[in-house]
Amino acid sequence: MPKNKLFYLAVTIIAVLVLIAIFAPQLAPYDPQLLDITKKLQPASSEHLLGTDHLGRDLLSRLIYGTRISLLLAGIITVLNLLIAFPIGLFVGYKGGVLEKIFAWLANIIMAFPTFLLSMSLAGILGQGIDNIIIAVTAVGWVYYARIIRNMVFNVKNRAYVKIAVTMGASPFYIIRKHILPFVIKPIIVIALSQIGRVILMISGFSFLGIGVQPNVSEWGMMLSDARPYFRRIPELMFYPGMAILITVLAFNIIGDNFNYAEEE
């Protein structure tokens with residue numbers, strides 16, 4: 001287990017963000033979608049601690065609810081990726097043969113394109129919406145995990161104790177469950193954890209480009225997009241959501257890097 005101070009700081013940041021996401025309705029001082037044009041673009045004050053946006057919505061409330069949306073979407077996408085990748089990676093890695101070649105061919109085609117661009121293209125075709133973001137990112141993201149799992153299974157199944165189990169007549173299901181899965185699941189969970197920050201960055205990027213969540217949804221990337229026309233005059237409109245994205249992504253990356261370092265040790 002990694003024990004440097006930066007790791008514990010990152011864990012603390014993620015824990016705080018999770019609590020903010022869970023208790024968003026209690027923490028937000030206003031409804032994040034409450035419009036009040038008479039109070040648009042107000043600076044920070046005792047009434048609105050971070051000010052308001054171009055529609056008079058409270059920035060702090062939108063940031064708090066944006067935490068919930070970003071973490072929830074990233075979590076759902078990561079879980080779906082693993083649910084798809086695990087059975088496929090385990091099966092083709094253990095069986096090999098024609099199925100493994102077909103999977104390798106498909107994976108090479110998908111991985112030949114930048115993940116962000118391919119997911120962005122799918123999101124553009126499907127249109128705005130939370131469901132479409134999940135579909136677009138998951139449709140591409142599972143291949144990355146499945147290929148890693150396939151490679152791990154291929155290496156483990158050639159070890160002596162696995163070959164002995166095969167010789168003794170153990171079923172493929174038993175071998176995978178008892179001898180292969182325990183060596184695969186922990187590294188994949190660590191990799192998935194380190195990729196959550198990347199997923200959050202991707203989701204925010206889609207919203208910033210106008211192909212992410214609906215405009216009325218409080219999400220960090222959408223807040224950045226809404227603030228673009230006012231960047232020179234009121235830079236803090238972009239600073240707050242930008243820092244939220246930066247801190248969250250860095251925290252997840254630090255946690256993932258520390259776990260990877262611990263595995264190498």
Would you say Arg233 and Leu41 make side-chain contact, with heavy atoms under 4.5 Å?
yes

Give a yes or no on whether the backbone of Leu63 and the side-chain of Trp220 come within a donor-acceptor separation of less than 3.5 Å.
yes

Is any side-chain heavy atom of Leu55 closer than 4.5 Å to a side-chain heavy atom of Lys40?
no

Beyond-backbone contact of Val249 with Arg198, side-chain heavy atoms, under 4.5 angstrom:
no

Interatomic distance, Ile149 atom CD1 to Ile88 atom CD1 [nearest 0.5 angstrom]
9.5 Å

Determine whether His48 and Tyr30 make a side-chain contact, defined as any pair of heavy atoms from C-beta on separated by less than 4.5 Å.
yes

Check whether any side-chain N or O of Glu219 sits under 3.5 Å from a backbone N or O of Gly221 as a donor-acceptor pair, and report yes or no.
yes

Which pair of heavy atoms, one from Leu122 and one from Ala139, lies closest together, and at what distance?
CD1-CB, 4.0 Å

Grouping I, L, V, M, F, W and Y whenever their side-chain heavy atoms are under 4.5 Å apart, do Leu35 and Val217 come out in a common cluster?
no

Run the numbers on Leu17 and Ile14 for side chain to side chain contact (heavy atoms under 4.5 Å, CB included), then give the verdict.
CA-CA 5 Å; Leu17 289 173; Ile14 297 303; 4.3 Å; yes

How close do Ala74 and Ile203 get, heavy atom to heavy atom, and via which atoms?
N-CD1, 3.9 Å

Got a second to check how far Met243's CE is from Phe239's CZ, nearest 0.5 Å?
5.0 Å

Over all atoms of both residues, closest heavy-atom pair of Ile191 and Tyr145:
CG2-CE2, 4.2 Å

Over 60° means perpendicular and under 30° means parallel, so classify the ring planes of Phe103 and Trp142, tilted if in between.
tilted

What closest approach, in Å, do Pro187 and Met152 show between heavy atoms, and which atom pair accounts for it?
CB-CE, 3.5 Å

Is the terminal nitrogen or CZ of Arg228 (NZ for Lys, CZ for Arg) located under 6.0 angstrom from the six-membered ring centre of Phe208 and within 45° of that ring's axis?
yes

Return the CD1 to CD1 distance between Ile135 and Ile125, rounded to the nearest 0.5 Å.
12.5 Å

Lys/Arg-Asp/Glu bridge criterion (N-O < 4.0 Å) met for Arg62, Asp226
yes

Between Pro29 and Asp58, is any pair of side-chain heavy atoms under 4.5 Å apart?
yes

For Asn132 and Ala123, indicate whether the former's side chain and the latter's backbone hold a donor-acceptor pair under 3.5 Å.
no

Does Arg159 make a cation-pi contact with Phe183 (under 6.0 Å, within 45 degrees of the axis)?
yes

Rounded distance [0.5 Å steps], CD1 in Ile76 versus CD1 in Ile130
8.5 Å

Using side chain to side chain contact (heavy atoms under 4.5 Å, CB included) as the criterion, point out the one residue from Leu73, Val140, Ile77, Thr115 that pairs with Met202.
Thr115

Looking at Gly210, is its backbone amide N or carbonyl O close enough to the side chain of Gln128 to form a donor-acceptor pair, meaning the two atoms are under 3.5 Å apart?
yes

State whether a side-chain donor-acceptor pair under 3.5 Å links Thr78 with Gln195.
no

Just checking, any donor-acceptor pair under 3.5 angstrom between side chains of Asn108 and Arg147?
yes

Between Val213 and Ile133, is there a side-chain heavy-atom distance shorter than 4.5 Å?
yes

Contact summary for Asn81 and Val137, nearest pair of heavy atoms:
OD1-O, 4.4 Å

Applying side chain to side chain contact (heavy atoms under 4.5 Å, CB included) to Val143 and Met111, what does each step give before you reach the verdict?
CA-CA 8 Å; Val143 178; Met111 299 296 288; 4.2 Å; yes

Here the gap from Met223 atom CE to Ser207 atom OG, rounded to the nearest 0.5 Å, amounts to 12.0 Å

Verdict with supporting geometry, Phe113 and Leu117, side chain to side chain contact (heavy atoms under 4.5 Å, CB included):
CA-CA 7 Å; Phe113 299 92; Leu117 291 180; over 6 Å; no

Could you report the tightest heavy-atom contact between Leu82 and Ala192, atom names first, then the distance?
CD1-CB, 4.0 Å

Hydrophobic cluster identity match, Phe86 and Leu99, side-chain contacts under 4.5 Å:
yes

Any donor-acceptor pair under 3.5 Å linking the side chain of Lys157 with the backbone of Tyr94?
yes

For residues Thr52 and Gln42, is any side-chain donor paired with an opposing acceptor at under 3.5 Å?
no

Are Val92 and Leu181 connected into the same hydrophobic cluster when the rule is that any two of I, L, V, M, F, W, Y join if their side-chain heavy atoms are below 4.5 Å apart?
yes

How long is the span from the CD1 atom in Ile255 to the CD1 atom in Ile13, to the nearest 0.5 Å?
8.5 Å

Are Phe91 and Ile102 joined in one hydrophobic group, where the rule is that I, L, V, M, F, W and Y side chains link up if heavy atoms are under 4.5 Å apart?
no

So that I can tick it off, tell me whether Arg150 and Glu100 are bridged by a salt bridge, with the cut-off set at under 4.0 angstrom between side-chain N and carboxylate O.
yes

Could you check whether atom OH of Tyr230 has more than 12 heavy atoms from other residues, nucleotides or ligands sitting under 6.0 Å from it?
yes

Does the separation of the ring centres of Phe206 and Phe116 fall below 6.0 angstrom?
yes

Walk me through it: do Leu193 and Phe252 pass the test side chain to side chain contact (heavy atoms under 4.5 Å, CB included)?
CA-CA 7 Å; Leu193 186 63; Phe252 276 113; 4.2 Å; yes

Same hydrophobic cluster for Leu71 and Ile245, using side-chain heavy-atom links shorter than 4.5 Å among ILVMFWY?
yes

Are the side chain of Ser61 and the backbone N or O of Pro32 linked by a donor-acceptor pair below 3.5 Å?
no

